Structure formats: structure tokens, C-alpha cells
Amino acid sequence: MPTLADLTSRGLVYGGDYNPEQWERATWREDVAAMQAARVTMVTVGVFSWALLEPERDRFEPGWMDEVLDLLHEGGIAVDLATPTASPPPWLATEDPQTLPVDASGRRLHHGSRTHYCPTSPTYRERARAITSRIAERWADHPAVVMWHVNNELGTTCWCPRCAASFRAWLQRRYGTLERLAASWGTAVWSQRYSSWEQIAPPLHAPYLLHPAHTLDYRRFVSDALLELYRAERDEIRAVDTSRPVTTNFMGFFPGVDYRSWAGDIDVISDDSYPDPADPQAPVAAALTHDLMRSLAGGPWLLMEQATSAVSWRGHNVPKTTARMRQDALRAVAHGSDGVLSFQWRASPTGPERFHSAMVPHAGTETRLHRAVQQLGRDLASLAEVAGTEVQADVAIVFDWSSWWAAEEPATPTDRLRVLPQLRAWYRPLWEAGIGVDVVAPTSDLQRYRLVLAPQLYLLDDDGAANLRGYLDAGGCLALGPFSAVADGHARVRTGGFPVPFADLLGAEGEEWWPLPDGTVGLVGGDHAPAPVGHGQASVWAERLRMTTAMCDLRFAGGDLDGEPALVHSRDGRLHYLATIPDAGLLRRWLLQLVDRRGIGPTHPLARVPSDLEVAQRGPFTFLLNHSDAALEVPLRSVCVDVLTGSTHHPHVTVPRSGTLVLRKAPS
Ligand code: GAL
């Protein structure tokens, strides 16, 4: 099977989206020369070129692309050749308006932007297959092409009558009979019992709340429909080329698609990452997303898009310093990316993205930004040996799309207990300590992890629950966060003392969810006062628990639940349940204590991690990112070599202000 390793035999990939169709031919030659100077190794071509490749139905105009591919090949630049199906040409929308998507109010959208396709439109699918097949046949043997890139950020949700019909067929396959659907969803509520399949529509705008099981299944259906679209194009490519990998670019924790269910179909997991330089939380969120991608890939993945500086789609677009650009790029590499690609090579003077940064800005190549782009190219070339190396993770964080979807439906006890903020809050202490983390499914094979964290796992189906219990039976250690294992796979609330699938193992049962009034309540020692993890504050969320055999680590102090347990663990110390949102310091102490008790240590050579230093270990390489405005002196346990300069360091290394170093243990 083709893999990312096919692309990285000579090192990390460097480049970006290249849209030569926006430029005169003279610029193409300049581009190739500038790419060589910047040590670009691969560009993604053709993402939005459908209207140029096929200006009218079945009139294929490949000549310009032949020239582009030849030029790039002569220049030694490889190509990730895209199918252009993310932006159908105006003639298609005009010819068949039903190729356009419909919103949740039933209004058909127009063309004039991009992603204006209905995933289930037979015409769109047929035309997408046709152009893909033409492209594959024409360029499968072109020596520049090293990878295929299907569509772009597949993710359009549509609510049209055609999708409604496909949704019904999907439900019929899933449930077989209306009786089974009624029982699974619980349609006895609000007179929602369906007496014929035809009555089931997508969850369109309605006067009041929609049924959460209906909405959940529609999200699952949309994810499957988009995957079918990917497969349709992939199959056209495979019909003529079995040797090059096929990818499609993901969007991190994107709510529209369950990427985990897609991962097995994608040869190279690739992702687009746009951390906001104005957001102090962005580095931790980006690192977690990179870990998700590496986990989906089961090894190295590819940063398919990032920005060299500002994007243009936020309200206020803060640019990146060149140091920041380098950090964002090398963080991805540290977390398993085998390359760095940007959107885009040359900044567009026209169109909606005319103010988006690029590798070559409007001001040209003699600029601060482009010099930094060249420097990054040199650095990545020096880091060639990083390609293919693995990240070791003894800790896993559980994340599941269905659970995320179900948890964030309206009409739950609170809309303030959000999945991603919880995930990031639990991930942060591990990230700060430089401890490797994988992001796994409830049904993943967990045996190799010494500690499994489920910060917010609202929905847990029976298979997931059995898998987590099996992990505990085999000697594992699981920490469950608040409001977890509440719903089953159909989003039905499990009845009994919660967390229902674990209450017997835990030795405690929850009776009531108790969102807290604004402000905080205290958290103090439980069975052992003072608490080994210290005291702190709880906010937003609490639960009323009744203990049977569990041990109590923390109790609420003050408020309605004064004296009641807030953090408990099973007698054997391997199942922990946190029934609240503690302050960041307390959460950190507790999680690091669990890490410590499980014998998990950092794999990096730092004797201590100073605050404001981000550290990540990949194979033998240690990445150090200084987030502070001052140089940081970092103590080392062993003699290390700076991979980029060759200098040796011990007993400490100084990371310059906003600087990034890559170290490797010196051979002894
Ligand atoms: C991505 C997209 C690119 C470009 C970029 C701008 O979502 O794939 O085509 O639009 O955003 O940041």
C-alpha cells in the first residue's frame, strides 16, 4: 500500500498550495526558481482549477497543466496533484442547480464561492468522477506527480430532498424497521413516531428543539456521504494508478466529519492548521490537534496547510512574527508531521483571499517573510533524519466524534461544559511537561497505554464501555471526567447511578447533575486531609455522588454540595472519577500525580521544564520552543547536540527569546 514514507525517503516535505492559473506564464518560471532557492520539495497543484481544466462540459483543456507539471519537474519540485472538485465550475451549477447544497432552512445556496456542492447529488458525483478520471489518466505517468489530493477540506453539509432520500436509505440500512428506529431514537417523545420512511427528513429548522438522536444520526450520515464522495474519486484514481498515495486534507477537530471513520481509507493523513497568533491558547490546541492527526495516522502525518503569517478569514488577522511561523511549523514536525506545507506559494492579488499571507508575499521575495520562508526550507532540509521517526506516548486521551456531537446538542444541564475546552484543559499539564499523548477512540486498543484519560466522554456505546472495562481488567488506569458515559450509542441517557457502565468498578454512584451558580466553591481533602493534591476551587459543574466502596480524594467545601465527594477512585486505585471542573492548578497536580504513580516519565533529556518553554520529543529529537520574551536556560540531563548548528550543550542549553531549537543526545 502506498504511504507517506514514499514521499519522505529524502527527508521532510516542504512547500505549499500552488495556484499558477492565477498568474501569467512568465511568473511560473520565476516561481520555480524561487521554490528551488527556498528548498521547496513539493507543491499541491490544481485544487481550484476545475473551470480551467474543463471550461465546458466534456471539453478538457489540459495543456496549461502539462506545462506547469513539466516546469515543476524540470525544477526538481514534486507535485501533489489535486482533483478540483471542491469548487465546481459555474456551468455545472447553471446546468443543474440541484448540484448546489441546501441549508437547514431549505434554501438552496448559490455558486460564486466554493464548496457549493451537494454530497449526494448524482450529477455532481458523476461530473466529479469524470474530471477525476480525466486528470488521473492524463497525469498518472507524469514524473512530477508523487501524490493525489482529493477535493479540499471535504465537509459540506446539505439538507436537500436528495440528501433526505439518501438519509432514509442510510437509516433503513442501520435500523431495518421503523420499529427499531423508534425504539433506538425514542420517538414516543413529542409525538415523533414515524409511520412511513418517507416522513423522515433531515433535521431542518423547526419551531423548537430537534430530537437529539435524529440530529446525531444525520451527522453520522453526512460524514458517511462525504466519505463516499472521497471514495468515488479515490477509486477513479486507483483505476489508473495503484502506486501513489492518495490524501485529502483534514481540518483538525472539525465537527462536520468523523475523521476516525475515514482514516482507514486515506493513505496519507494530512491536516490544515491555522492557530491564531493572537490566541495565547493556540499552541496547546495546535499540539493536541497534531497528536490527533498522528494518532489517526498511526504514525507520521503531513501538515498540508498552514499560514506563513496572517490569514484573512478572521475578523482581525494578527500576523505571525517569523519566529512564530517557525515555531508553528516545527511544532507540527515535533508532533509527527513529516513536512510543512503552507497555503499558499504566492499571494493572490485578487479574490476573497487577497489579504491572506503566502510564502511569497505581494511585496515579493526580497522581504522579511520570504527570507524566513527560505530559512525554514534550509532548517527542514537539515532535519531530514526526523522524517519517519515516531512519537512515544504512554498516555492516551479519549476523543470520539459521536460523543462530541451528542454532548453539544442543546438542552443539556449546561452549555458551559464543552468538549474541546475540557480536552485541552486535561492535555495542557502533559503538554507542559513534554509527555507524549495519543488521541484514541473508546474502542481503540488501549493495552499499550499506562494511563487513559477521558476528560469528557458524554456518549459511550456498549462496545466502548466494554473496551474501557477490559482495559481496567487487564491492569490499566482510567480517569473519567465529569458528565462522562451518560448516554449510550443512540444518545439515550443510561438509567441508574452514573457513570452507569463503571459505577460498580468505581464503588460510587451519581444521583444528580448539579451545574453550579456563577462563581466558585472550594475543593478540600477527602479521606485524607489535607488532600495529597492540595486544595482548590471548582466552577461550572458538580455532581451529587454516593460512595459505596470508593475512596474520596476531594470534597466540595461550600455551596449546595458542601461535604459531598468531588473526586473519587476505586479501591484498587485504577479507576478515577472527577465530578467537577477544578481550577487549572489543581487539575494539573492531580493529573501529574496520576502520571507519576503510573511510572510515566518524560522521554526528553530536560532535567526540568521551565515555564514558557514548550518541549516535545520525537524519536531521538527534542524540540524546544521558547514562548517567552527572554532567553531561557534549560537544564539538561545528558549531553545534547543542536541538530541545526552542530554545537554541543551540557549541563544546560540556552533557548533564545522566541527561539526554537532541535536537540539530539550526543553519541556517548
Ligand atoms: C483552507 C483552504 C485553503 C485556503 C486556506 C486559507 O481552509 O483549504 O484553500 O482557503 O484555508 O487559510
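Quick caveat, the model's predicted, so the values are computed rather than measured. Atoms within a ligand are numbered from 1 in the order they appear, just like the ligands themselves. The figures that follow rest on heavy atoms only: side chains count, while hydrogens, waters and symmetry mates do not. Here, residue 1 is the first one in the sequence, and each next residue gets the next number.
Side-chain atoms of W23 never come within 3.5 Å of backbone atoms of D31 as a donor-acceptor pair (strictly under, hydrogens ignored). At least one donor-acceptor pair under 3.5 Å links the side chain of E408 to the backbone N or O of V419. No donor-acceptor pair closer than 3.5 Å links the side chain of T44 to the backbone N or O of D17.
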- [ ] List the steps, then state whether side chain to side chain contact (heavy atoms under 4.5 Å, CB included) holds for S105 with H205.
- [x] CA-CA 5 Å; S105 302; H205 280 165; 2.8 Å; yes

Open item on the list: Show, in sequence, the C-alpha distance, side-chain angles and deciding distance for D276 and Q281, and conclude whether the side chain to side chain contact (heavy atoms under 4.5 Å, CB included) test is met.
Closed with: CA-CA 9 Å; D276 184 353; Q281 305 297 327; over 6 Å; no

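Only the side chain of D272 comes within contact range of ligand 1, with a heavy atom under 4.0 Å; no backbone atom does. Contact annotation: for M251 versus ligand 1, there are no heavy atoms closer than 4.0 Å. Residue N152 touches ligand 1 through its side chain alone, judged by heavy-atom distances below 4.0 Å. Residue Q344 does not touch ligand 1, judged by heavy-atom distances below 4.0 Å.
The nearest heavy-atom contact from the protein to atom 2 (C) of ligand 1 is E305 OE1, 3.3 Å. Counting protein heavy atoms only, atom 7 (O) of ligand 1 is closest to E153 OE1, 2.5 Å. Here the protein heavy atom with the shortest distance to atom 4 (C) of ligand 1 is E353 OE2, 3.3 Å. Nearest to atom 5 (C) of ligand 1 among the protein's heavy atoms is Y274 OH, 3.3 Å. With hydrogens left out, the protein atom closest to atom 6 (C) of ligand 1 is H356 NE2, 3.1 Å, a heavy atom.
Using cut-offs of 30° and 60° for the angle between ring planes, the Y124 and W50 rings count as tilted.
Checked by distance only, ligand 1 and D17 stay at 3.5 Å or farther apart across all their nitrogen or oxygen atoms.
Ligand 1 places these atoms under 4.0 Å from at least one heavy atom of F48: 9 (O).
Under a 4.0 angstrom heavy-atom cut-off, R114 registers as being in contact with ligand 1.
Aromatic rings of F253 and Y259 (six-membered ring for Trp) have centroids beyond the 6.0 Å cut-off, not under it. Aromatic pair H290/W301: ring centres closer than 6.0 Å.
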